[in-house]
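Reading through the structure tokens given below for one structure.
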Amino acid sequence: MPQLRVAMAQIDTTVGDLDGNVAAIREWTGRAAREGAHLVLFPETAVTGYPVEDLALRRSFVDASRRAVGRLAAEIADDGHGAVTVVVGYVDHHEAKGRPQNCAAVLQGGRVVGRYAKHHLPNYGVFDEYRIFTPGDDLLVARVHGVDVAIAICEDLWQDGGPVQMADDAGAGLLAVLNGSPYERNKDDVRLELVARRAAEAGCPIAYVNAVGGQDELVFDGDSLVVAQDGTVLARGPQFEESLVVTDLDLPAAVRTPGWEEHVARVTVSTDPVPAYEPRAAPHHEPLPDVADVHAAIVLGLRDYVRKNGFRSVVIAVSGGIDSALVASLACDAIGAENVVGISLPSGYSSQHSKDDAKDLADRCGFEYRQFAIAPMVEAFLATVPLEGVAEENLQARVRGTTIMGLANQEGHLTLATSNKSELAVGYSTLYGDSVGGYAPLKDVPKTLVWELSRWRNAEAVARGEQPPIPENTITKPPSAELRPGQVDQDSLPPYDVLDAILEDYVEGDKGRADMLAAGFDGALVDSIVTLVDRAEWKRRQFAPGPKITFKAFGRDRRLPITNRWREPRATEPLLPAATAEEH
């Protein structure tokens, strides 16, 4: 059987930085060539970055993408690697319809020798491709050193039939799939099962290359795979880091005569098999355990958001509470403690242990620490505009927000918001107060997971012989906003384990009131929480972006109207019979 050394380059690109992305692709192609690779695969739209969203609707952007691919092919040849076949994602346009397409190009010998347009355009969750792109309908099969390699892109693999079945019908010896598949918890297991099932359906091994890096609210985790037709994992890349995953494959020789057939475009790159060589062991990285991979996802998302948007440092309001402590720890892991500034902003209600815990956190993590008492500012405001009750409580948070944003503005920091998903869900935050910030690392992290991450990070530090970054008292004390004497979160909310369970059903699962009652939740509590979630949509719409880690994150995943009078019906309300409901 012909041999083929396949390299999957899971790289971190930046949306819109075509020159930088092309330079990175050239560099990684050079690495692959030095490793003796015959075929190099890059992720979905690696030339333009992913997702490009409505940039694809600008003809100037699409034209620049097309020119970049042509330039890339020539420059790879100029680098002395023209004999290597490269498959890379980019944005093109449909010649007849003049609409953009999500495409893959096959580069060899200084030219673009083949082109494939993605068939299945996802239109769910964070994906909006059906509105932007025009689908393709032809399968591309490139003959590389006597092996027929079929090309597909991401969603093409998730849908039954289509390019996978076409690859089998076309007699492909390898199916190469370019991906921009975002991270979410436990998705690595789902991907592996999917790739194994599709390899059996395609009748050949699948090389699945995935992107790495953060892009706004999305994090791409790599975890590239090569899976044999029988489901055996032949190679697996690491998560959350750039890597070249090189695999030696024995593949069936092409038996069909090159040419054209219905909906199959065939190009011949090379027909001669490579001389026999001694294969080497392929990498087999085990996926990170749960919680560890969540931590890695948030760190990567934060690091790339800071780096790609031109910031060098971040500022955080550290209160002595668990949320700000975890955000500070994550920031130090992401960009280094020397680039983190923590500001303590105690009010007249702040406890001594909170102030002590904030200072202890700074000492443990090693970031710059400052303290500004806000009581004089609050008193001056109240002397001019008398407020009381909740308005006075919120004033404290807003003075803190103004202070932290003023320092960020003056010193050029990115402000990190510290609210978690549970608080965002029920609106337990002050708009323009503790919600201020340009990026929110915990936006998709429920409160119960905040504690898990904090305990895990401390345990990791102990295992490495380091000092735990988060003070134990911060983890164990009852959470409190400290906006009035003796206040704790449970004055206003149920215990977080109960709250998060209801939120998982209502937000993640889209379950109604009756479903949650059937699951055993208290009816009055369900009504209260659901009402809070529905009424807080306007706050969430104004919140900073943050990394997606769950199936349904606030923002791109969950799109609900702000002006909305729909309320979940009581379980006792009669339902129309099915026939009557259909008539209406």
- Task: Kindly indicate, with the supporting measurements, whether the criterion side chain to side chain contact (heavy atoms under 4.5 Å, CB included) is fulfilled by Arg400 and Asp434.
- Result: CA-CA 7 Å; Arg400 289 186 173 117; Asp434 53 319; over 6 Å; no
- Pick one: which of Arg191, His285, Arg236, Gln10 meets side-chain hydrogen bond (donor to acceptor under 3.5 Å, both in side chains) with Ser224?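 Only one option passes, and that is Gln10.
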Between [X] and [Y], is any side-chain donor less than 3.5 angstrom from a side-chain acceptor?
{"X": "Thr418", "Y": "Asp323", "answer": "no"}
{"X": "Tyr496", "Y": "Asn420", "answer": "no"}
{"X": "Tyr90", "Y": "Asn21", "answer": "no"}

- Hey, is CD on Glu504 packed in by over 12 heavy atoms from elsewhere, all under 6.0 Å?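 Atom CD in Glu504 is not packed in, count stays at 12 or less.
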- Message: Does atom CZ (Arg558) have a neighbourhood of more than 12 heavy atoms from anything else shown, all under 6.0 Å?
- Response: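 Correct, the count exceeds 12.
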Do you know the tightest heavy-atom contact between [X] and [Y]?
{"X": "Asn210", "Y": "Asn179", "result": "OD1-O, 3.3 Å"}
{"X": "Ala317", "Y": "Ser324", "result": "O-CB, 3.3 Å"}
{"X": "Ser65", "Y": "Val47", "result": "O-CG1, 4.3 Å"}
{"X": "Val219", "Y": "Pro547", "result": "CG2-CB, 3.9 Å"}
{"X": "Pro441", "Y": "Val327", "result": "CG-CG1, 4.1 Å"}
{"X": "Cys204", "Y": "Leu175", "result": "SG-N, 3.6 Å"}

Can you tell if the side chain of [X] reaches within under 4.5 Å of the side chain of [Y], non-hydrogen atoms only?
{"X": "Val190", "Y": "Trp158", "answer": "yes"}
{"X": "Leu449", "Y": "Ile549", "answer": "yes"}
{"X": "Val340", "Y": "Ile316", "answer": "yes"}
{"X": "Leu330", "Y": "Leu442", "answer": "yes"}
{"X": "Arg455", "Y": "Asn458", "answer": "no"}
{"X": "Val212", "Y": "Leu300", "answer": "yes"}
{"X": "Arg364", "Y": "Pro471", "answer": "yes"}
{"X": "Val164", "Y": "Asp156", "answer": "no"}

Main-chain N/O of [Y] paired with [X] side-chain donor or acceptor, under 3.5 Å:
{"X": "Lys308", "Y": "Gly214", "result": "yes"}
{"X": "His284", "Y": "Leu234", "result": "yes"}
{"X": "Gln239", "Y": "Leu288", "result": "yes"}
{"X": "Ser422", "Y": "Pro446", "result": "no"}
{"X": "Asp515", "Y": "Lys511", "result": "no"}
{"X": "Asp444", "Y": "Thr550", "result": "yes"}

- Item | Among Phe240, Phe551, Phe220, the one residue meeting ring pair (Phe, Tyr, Trp, His ring centres under 6.0 Å) with Tyr183 |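 One option only clears the test, and that one is Phe240.
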Salt bridge [X]-[Y], side-chain N to carboxylate O under 4.0 Å:
{"X": "Asp12", "Y": "Arg307", "result": "yes"}
{"X": "Arg556", "Y": "Asp216", "result": "no"}
{"X": "Lys187", "Y": "Asp223", "result": "no"}
{"X": "Arg31", "Y": "Glu242", "result": "no"}
{"X": "Glu423", "Y": "Lys539", "result": "no"}
{"X": "Arg198", "Y": "Glu201", "result": "yes"}

- Item | Distance under 6.0 Å and angle within 45° of ring axis: Arg541 vs Trp538 |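 No, a cation-pi geometry is absent between Arg541 and Trp538.
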- Item | Which residues share a ring-ring contact (aromatic ring centres under 6.0 Å, His included) with Trp456, sequence neighbours left out |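 Listed in chain order: His295.
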- Message: Using salt bridge (Lys or Arg N to Asp or Glu O under 4.0 Å), reason through Asp54 and Arg131 one step at a time and then give a plain yes or no.
- Response: CA-CA 9 Å; Asp54 282 9; Arg131 183 178 65 84; 2.8 Å; yes
- Any chance you could lay out the salt bridge (Lys or Arg N to Asp or Glu O under 4.0 Å) test for Glu537 and Arg540, step after step, and finish with the verdict? CA-CA 5 Å; Glu537 185 62 36; Arg540 288 190 293 272; 2.8 Å; yes
- Test side chain to side chain contact (heavy atoms under 4.5 Å, CB included) on Val314 and Tyr439 and set out the steps. CA-CA 10 Å; Val314 299; Tyr439 192 75; over 6 Å; no
Rounded to the nearest 0.5 Å, what separates atom [atom1] in [X] from atom [atom2] in [Y]?
{"X": "Tyr428", "Y": "Ser435", "atom1": "OH", "atom2": "OG", "value": "14.5 Å"}
{"X": "Ile475", "Y": "Ser454", "atom1": "CD1", "atom2": "OG", "value": "5.5 Å"}
{"X": "Tyr208", "Y": "Ser181", "atom1": "OH", "atom2": "OG", "value": "3.5 Å"}
{"X": "Lys552", "Y": "Glu184", "atom1": "NZ", "atom2": "CD", "value": "11.0 Å"}
{"X": "Ile529", "Y": "Leu493", "atom1": "CD1", "atom2": "CG", "value": "6.5 Å"}
{"X": "Asp333", "Y": "Glu460", "atom1": "CG", "atom2": "CD", "value": "10.5 Å"}

- Task: Can you spot which of Ile322, Leu503, Leu499 makes a side-chain contact (heavy atoms from CB on, under 4.5 Å) with Lys447?
- Result: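 In the set Ile322, Leu503, Leu499, the residue that makes a side-chain contact (heavy atoms from CB on, under 4.5 Å) with Lys447 is Ile322.
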- Verdict with supporting geometry, Leu361 and Thr474, side chain to side chain contact (heavy atoms under 4.5 Å, CB included): CA-CA 9 Å; Leu361 171 74; Thr474 296; 6.0 Å; no
- Item | Step-by-step side chain to side chain contact (heavy atoms under 4.5 Å, CB included) determination, Val233 to Leu192 | CA-CA 9 Å; Val233 178; Leu192 176 56; 3.6 Å; yes
- Fit a plane to each ring of Phe127 and Tyr124, take the angle between them on a 0 to 90° scale, and name the class: parallel (under 30°), tilted (30 to 60°) or perpendicular (over 60°).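 Perpendicular, since the angle between the ring planes exceeds 60°.
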